[in-house]
Amino acid sequence: MTEQRHLTYQYKAHIKRRDYSGLDEALRHCATLYNAALEERTQAYRMQRKSVTLYDQTRQLKLIRQDMPQWNAYHYKLCAGVLVRVNRAMNAFFSRVRKGEKPGYPRYRSRHRYQTLEVSEVTTGMLKRSQDGRRAYVRIKGLPTLTLRTKRPLPEGKPKTLMISRRATGYVVSMAFAVDYPVVPKSDAKVGMDMGVNERLTLSTGETVERRNHDRRRESRLRRRVARARKGSVSRRKKVRSLSRETYRSQVRNRNICHRASTDLVRRFGRIAVEDLQIGNMTRSAAGTAEEPGKGVSAKRGLNRSIREQTWGIMVSQLAYKAEYAGRELVKVNPAYTSRTCSGCGVVATEKLETYRLFVCQACGLIMDRDRNAARNIEARAFGPAQARGNEPAQSGIAPHAQPSESSPVHAEQQPT
């Protein structure tokens, strides 16, 4: 059984060295158009209390292209894609205002902060495939030809969206296609997840996702080189690019690990409970002020770095959209006292736990890994107390770890990826 879904295919664009300047120039022109469109909307409302719509700006774009040859050199759909991005940013702003959130009015973009070329509507001639299916070519008026080496074949038909993004390692092309995707079978299995720094995730089943051990040695070495270079020099720009490439590769590796773990969880469990953590508040500096300096600043700084390294927010955001996509239930619960509550009898420990990695209940004698005990409490808060939990000991001893298949990215003894 299948259903139609939109999947995004992303490939690195292979272009000639001399063509990079053409793409960079196109980004500069699009940044100028973006700022002009945003300025028009801002001033129209500030001076005349008038709202400028996407239809109004796309109609003006046709006149602008007639009078300004630099805009006429690019495909109309490419220029219209800039206006679509402005409209999307304004709609998001008004949505936040209606919800009572921090509005965050759209910002103007410098040429360094405008990184993506977007096509408002993909036409048939923009994407061509080779006969053997191993290559594809993106041809858009005003841009150099982009060659894509398609290791997995592209679906038939034209893509719904097409974006060209500048990254630290070069340009990448992202295309969304409507494809027939197998439906994920229904599951009533429940799981609770505790997020920590000793293990990135600990499940109520006893399985864990290994913590991220970010090796910063090469990144630190590159940062020192940048700090020693003279500002504005060509040498410094090269060192900054090297640092950007290293940071970007590290982010991609971490994101892929999160993808594998979140996909495995959504496939196996139909109901998932996570903590509703305020990560920004948890990683706030403890330095204090000059009048009231903080305590344990160095230790808190190290804890903040460990928390940020585990990227809990990325994991939860991936689980959120994948669960919605697969028809799973994702519940966020209040994390208060989940680490100090006994998952066996429900008694809350009033004193600080003496043990570091074990939870020892003074009421019922339960001995269990602290993170797993918290994960079981999170599951109980979301879905109610669990029924029979198999052959695990209820009162004493450390709960045994589940042993899924070795191919699963979530397991009790995960090897580094």
Student: Do the side chain of Arg328 and the main chain of Ala323 share a donor and acceptor less than 3.5 angstrom apart?
Tutor: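 Looks like no, no N/O pair under 3.5 Å.
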
Student: Show your working on side-chain hydrogen bond (donor to acceptor under 3.5 Å, both in side chains) between Arg41 and Asn87 and close with a plain yes or no.
Tutor: CA-CA 10 Å; Arg41 292 193 178 216; Asn87 187 67; 3.2 Å; yes

Student: Output yes when Arg260 and Asp264 qualify as a salt bridge under the 4.0 Å nitrogen-oxygen rule, no when they do not.
Tutor: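 Asp264 and Arg260: not salt-bridged.
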
Student: So does Asp369 pair up with Arg357, basic N to acidic O under 4.0 Å?
Tutor: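 The answer is yes: the pair qualifies as a salt bridge.
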
Student: Going by the side chain to side chain contact (heavy atoms under 4.5 Å, CB included) test, name the single residue among Leu330, Leu203, Val331 that passes it with Ile272.
Tutor: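 The side chain to side chain contact (heavy atoms under 4.5 Å, CB included) with Ile272 is passed solely by Leu330 among Leu330, Leu203, Val331.
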
Student: Thinking salt bridges, do Glu199 and Arg211 make one under a 4.0 Å N-O criterion?
Tutor: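 Result for this pair is no, no salt bridge flagged.
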
Student: Output, in order, the C-alpha distance, side-chain angles, deciding distance and verdict of ring-ring contact (aromatic ring centres under 6.0 Å, His included) for Tyr74 and His29.
Tutor: CA-CA 10 Å; Tyr74 296 100; His29 283 305; 5.8 Å; yes

Student: Quick check: does any side chain N or O of Arg372 sit under 3.5 Å from a backbone N or O of Ser204, one acting as donor and the other as acceptor?
Tutor: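 Here the side-chain-to-backbone pair exists.
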
Student: Considering only NZ, NE, NH1 and NH2 on the basic side and carboxylate oxygens on the acidic side, decide whether Glu309 and Arg216 come within less than 4.0 Å.
Tutor: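 So Glu309 pairs with Arg216 through a salt bridge.
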
Student: Any donor and acceptor pair, going by atom type alone, linking the side chain of Arg129 with main-chain N or O of Arg135 inside 3.5 Å?
Tutor: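 The answer is no, because no donor-acceptor pair under 3.5 Å joins these two groups.
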
Student: Under a 4.0 Å threshold between the charged nitrogen and the carboxylate oxygen, would Arg370 count as salt-bridged to Asp194?
Tutor: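 Salt bridge absent between Asp194 and Arg370.
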
Student: I want to check a possible cation-pi pair here: Arg49 against Tyr45, using under 6.0 Å from ring centre and within 45° of the ring axis as the test.
Tutor: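 Geometry flag: set, cation within 6.0 Å and 45°.
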
